Amino acid sequence: MKVYKYGANVDTDVIIPARHLNNPDPKALASHCMEDIDTDFASTVEEGDIIVAGPNFGCGSSREHAPLAIKSCGVKCVIAPSFARIFYRNAINIGFPIMECAQAAEEIQAGDQVSVDFATGVITDETTGKTYQAAPFPAFINGIIQSGGLLNSLKQRGVAK
Amino acid sequence: MGMTMTQKILARAAGLESVQAGQLIEAKLDLVLGNDITTPVAITEFEKAGFTQVFDKDKIAIVLDHYTPCKDIKSAQLCKQAREFAHKHNITNFFDVGQMGVEHALLPEKGLCAPGEVIIGADSHTCTYGALGAFSTGIGSTDMAAGMATGLSWFRVPSAIKVTLKGKLQQHVSGKDVILHLIGLIGVDGALYKSIEFAGEGVASLSMDDRFTISNMAIEAGGKNGIFPVDEKTMEYINGRVNRPCEAFQADPDAVYDSEVVIDLDTLEPTVAMPHLPENTKVVSEVAGLPIDQVVIGSCTNGRIQDMRIAAGIMKGKKVASNVRCVVIPATQEIYMQAMKEGLMEVFIQAGAAVSTPTCGPCLGGHMGCMAEGERAVSTTNRNFVGRMGHVESEIILASPAVAAASAIAGCVADPRA
């Protein structure tokens, strides 16, 4: 599971440019993911790969198409020191894992082989042998993730018709 | 411990006596908003989850404003999906071409946002309604689907940055300069997960249109919301628009803030944000003379009547420079009509600007002014990210209507005071 590494403030306009939002099909979105900052990403990304980036990942627009595009590429998770708040919500709500860990985000390099354990929040860089501990989700948010996303959790609670 | 304005609104909506920063709550929603890009994704999720009813047909607003009037077949399909859902569920506040405007200019104008209310919108600039003393914030399509089904949403109660405004804006300086200056000070993640709460004697001198512009770009500092205290100007604005009881919340005197920023309006200069982040701010005189190819005056940030008046005041009797394409987009039909009555449209057209029906269009590189490789725009919109208005090697300089209009005439970045 190789790593793609990007800088600070990766915005949702570069994750999935607005010119492609007229087709919300996840596969179509995936085919254009990151193209404005990394033209090779969509053609080289493989199931289980990981994105590591700088602070404020996913800033800008509220488009849920952004985490959806990354998820649909097969990316296993995004690791960053911090996430823009709407991206953070959207990722949780669609059941896409994100991990906040400044040290891992700084030290892990592009091309490293990395494994993650969502249950414990442990990130292992197998290339360097170093391990990192990501911040755990609050129980309420973990509940949403465990239910398989926000709408499933609401259905389980029986709060909507 | 005292609460901020935002915390008081959230406590009320969650049915709690008080809340603290960091607390997770579930709040009752007064309005759920979506547009033609985000609503179709929400509808698909709503239906996939098996929901069959909306919580309140009067408390959902669907505005087809981003790619409309539809730019291509795919966007027409999205609008059709949103339109059919709105009709099926008898959504009261559905705005199609002819009635629609840019959502964050339209909703306050229609009286759909009021002090003390809790509003979520599947559009990041939903934070605009903080200008009215509401808690409003951007969310995604799944949150919109959940909000439409339940009338509830979860929030982590934010801490706050207090922004104290002193003095009074000088000529050719407006709300856009205030918010760009603030983003330059605190950075694009300076208010991440936080409220920006405006205070101080300087607030009273700001028009409602200035306040809408300022709250609108709270998200560009990473903010959850950007909120103003309610005063006489707020009440004057909602009078005749809002016909339901609403409540103005004031921050407690002992409310706790993470930090405080003071902005002196008296000395604030016209400010621009250089490519490719809204925090790359400069005083306009530092970059005056930089060649440009396009000027856009409009959007949820600066497409209101005050913005049209400022731009027309500078362009009156003058011509757009031959090297520049200038696109003017009044944000709503009401603003368009008012601008016509005041003769502002005549000014723009005689100057050689293109005037468009309301749309988000060029702001997100949708249509009505995409840029080619190597081109540069001065724009009154809100984002200057890589590729935002077209080609990945085009550039956007964010500016006020005064700077944009002066630049259109000069053919380069220009100081409206020069």
Side-chain angles (χ1 to χ4, degrees), chain A residues 8-15 17-26 28-29 35-37 39 54-57 59-68 81-95 138-141 143-144 149-155 157 159-161, chain B residues 24 37-38 40-42 44-46 48-53 55 66-67 71-75 77-78 121-126 137-146 149-150 152 154 156 187-189 192-193 219-220 222-224 276-277 279 364-366 370 383 385-388 390 392:
Chain A
N9 304 312
V10 172
D11 63 77
T12 54
D13 275 276
V14 297
I15 295 171
R19 60 183 175 275
H20 302 304
L21 300 182
N22 57 0
N23 182 3
D25 173 57
L29 295 172
E35 69 180 19
D36 279 2
I37 54 165
T39 49
N56 202 27
F57 186 90
C59 63
S61 148
S62 70
R63 61 189 72 160
E64 202 163 290
H65 311 66
L68 195 56
S82 61
F83 292 85
R85 57 160 292 274
I86 306 177
F87 186 95
Y88 180 96
R89 284 184 81 98
N90 286 346
I92 290 163
N93 287 343
I94 68 169
F140 174 83
I141 291 174
I144 294 175
L150 179 64
L151 299 186
N152 283 333
S153 77
L154 291 174
K155 271 198 303 188
R157 286 170 52 199
V159 290
K161 289 174 188 170
Chain B
L24 284 155
I37 292 177
T38 57
V41 177
T44 302
E45 293 302 314
F46 183 94
K48 205 164 74 185
F51 297 143
T52 55
Q53 291 179 31
F55 83 105
H66 273 59
Y67 290 150
K71 73 179 183 109
D72 59 15
I73 296 166
K74 285 176 183 164
S75 51
Q77 292 293 133
L78 295 180
D123 186 282
S124 59
H125 294 107
T126 301
T137 193
I139 44 82
S141 294
T142 296
D143 271 320
M144 181 191 179
T150 65
L152 300 168
W154 67 269
R156 183 159 63 177
V188 292
D189 62 353
L192 190 59
Y193 306 131
I219 180 70
E220 260 55 70
K224 188 170 202 142
H276 291 282
L277 277 179
E279 70 183 20
L364 72 161
C370 287
R383 292 198 171 119
F385 299 149
V386 169
R388 173 78 177 179
V392 65

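The shown structure was predicted, so the numbers you read here are calculated from the model rather than taken from an experiment. Sequence lines set the chain letters: A, B, ... in the order given, protein chains first and strands last, and positions in each chain run from 1.
- Put simply, the side chain of B:Phe385 does not reach to within 4.5 Å of the side chain of A:Thr12, judged on heavy atoms.
- Annotation for A:Ser62 and B:Ala122: closest pair OG-C, 3.4 Å, computed over non-hydrogen atoms.
- Between the side chains of A:Asn9 and B:Asp189, no donor N or O sits under 3.5 Å from an acceptor N or O.
- For B:Lys74, the NZ atom sits in a loose shell: 12 or fewer heavy atoms of surrounding residues, nucleotides or ligands are nearer than 6.0 Å.
- With a 4.5 angstrom heavy-atom cutoff, B:Ile37 touches chain A via backbone and side-chain atoms both.
- Cation-pi geometry between B:Arg156 and A:Tyr88 is met: the NZ or CZ atom falls under 6.0 Å from the ring centre, inside 45° of the normal.
- If you tally non-hydrogen atom pairs under 4.5 Å between each of A:Pro17, A:Ser61, A:Pro24, A:Pro55 and chain B, the highest count goes to A:Ser61.
- Taking 4.0 Å as the cut-off between side-chain N and carboxylate O, B:Arg383 and A:Asp13 do not count as a salt-bridged pair.
- Of the listed residues (B:Thr38, B:Leu78, B:Thr44), the greatest number of heavy-atom pairs within a distance under 4.5 Å of chain A belongs to B:Leu78.
- Here the closest heavy-atom approach between residue A:Val14 and residue B:Val386 is recorded as CG1-O, 3.9 Å.
- Looking at residues two or more places apart in sequence or on another chain, you find no ring-ring contact (aromatic ring centres under 6.0 Å, His included) involving B:Phe55.
- Two residues are said to be in side-chain contact when any heavy atoms from C-beta on lie closer than 4.5 Å; A:Ile86 and B:Ile219 meet this criterion.
- Looking at heavy atoms from C-beta onward, B:Glu45 lies in side-chain contact with A:Leu151 at the 4.5 angstrom threshold.
- Distance CE/B:Met144 to CG/A:Asn93: 14.0 Å, rounded to 0.5 Å.
- Taken from NZ in A:Lys155 to CZ in B:Phe51, the straight-line distance is 6.5 Å, to the nearest 0.5 Å.
- Minimum interatomic distance between B:Ser124 and A:Gly60 (heavy atoms only, all atoms of both residues): CB-O, 3.5 Å.
- Side chain of A:Arg89 to main chain of B:Trp154: a donor-acceptor pair is present (N/O by atom type, distance under 3.5 Å, no hydrogens or angles).
- Put simply, OG1 on B:Thr142 and CD1 on A:Ile92 are 12.0 Å apart, with the number rounded to the nearest 0.5 Å.
- The heavy-atom pair separating B:Leu192 from A:Arg85 by the smallest distance is CD1-N, 3.9 Å.
- The greatest number of non-hydrogen atom pairs below 4.5 Å with chain A, out of B:Asp143, B:Leu277, B:Thr137, is found for B:Asp143.
- In this structure, the side chains of A:Asn22 and B:Lys71 come closer than 4.5 Å at one or more pairs of heavy atoms.
- With a threshold of 4.5 angstrom between heavy atoms, A:Ile144 approaches chain B through side-chain atoms but not through N, CA, C or O.
- B:Tyr193 approaches A:Phe83 most closely through the heavy-atom pair OH-O, 2.9 Å.
- Here A:Arg63 contributes atom CZ and B:Ser141 contributes atom OG; the two are 11.5 Å apart, rounded to the nearest 0.5 Å.
- Between chain A and the residues B:Gly138, B:Ala145, B:Gly223, the largest count of heavy-atom pairs under 4.5 Å involves B:Gly138.
- Rounded to the nearest 0.5 angstrom, B:Leu152 CG and A:Arg157 CZ are separated by 7.0 Å.
- Interface check for chain B: of the options A:Leu21, A:Asn23, A:Asn90, the most heavy-atom pairs under 4.5 Å are formed by A:Leu21.
- Nearest heavy-atom pair, A:Pro138 versus B:Leu24, reported as atom, atom and distance to 0.1 Å: CB-CD1, 3.7 Å.
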